[in-house]
Amino acid sequence: MRIRLDRERCIGSGQCALAAPEWFDQDADGIAVVLAEDVPDQEAEPVRQAVFTCPARAISLDSD
């Protein structure tokens, strides 16, 4: 699976970094940053939680 982040839509709520800190961080402006795009299936649950909790719907998870 691959993480897709639309930085233009990100509002800097930080929900992704709270839900999946091993996959997301925030830059100096508070905008989300993806730390690694490719997610093994067995590690996808926190990323799915980040997708679900993002209030701007800026994150998606694509199948490879």
Side-chain angles (χ1 to χ4, degrees):
M1 295 184 188
R2 182 171 289 254
I3 298 171
R4 303 281 184 207
L5 170 66
D6 183 345
R7 287 179 50 88
E8 297 294 321
R9 293 185 72 166
C10 180
I11 60 172
S13 72
Q15 296 302 305
C16 56
L18 291 172
E22 59 280 352
W23 298 99
F24 297 95
D25 198 356
Q26 292 177 280
D27 67 14
D29 294 323
I31 303 301
V33 175
V34 177
L35 300 176
E37 291 183 346
D38 295 318
V39 182
D41 288 346
Q42 65 272 19
E43 298 178 36
E45 188 52 38
V47 178
R48 287 188 184 102
Q49 187 66 29
V51 171
F52 179 75
T53 60
C54 177
R57 304 289 184 237
I59 304 168
S60 60
L61 189 58
D62 294 340
S63 299
D64 289 331

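Every value quoted in this text rests on a predicted model; they were computed, and no experiment measured them.
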Closest approach of [X] and [Y], non-hydrogen atoms and distance?
X	Y	answer
Ala20	Pro46	CB-O, 3.5 Å
Gly12	Gln26	O-NE2, 3.4 Å
Leu61	Arg48	CD2-CG, 3.9 Å
Ala58	Cys54	N-SG, 3.3 Å
Thr53	Ala19	OG1-CB, 4.2 Å

Judged by atom type as modelled, is there a donor-acceptor pair below 3.5 Å linking the side chain of Asp27 to the main-chain atoms of Asp29? yes

Please round to the nearest 0.5 Å and tell me the distance separating atom [atom1] of [X] and atom [atom2] of [Y].
X	Y	atom1	atom2	answer
Phe52	Glu45	CZ	CD	11.0 Å
Gln49	Ile59	CD	CD1	11.0 Å
Cys10	Gln15	SG	CD	11.0 Å
Met1	Asp62	CE	CG	10.0 Å
Phe24	Leu5	CZ	CG	7.0 Å

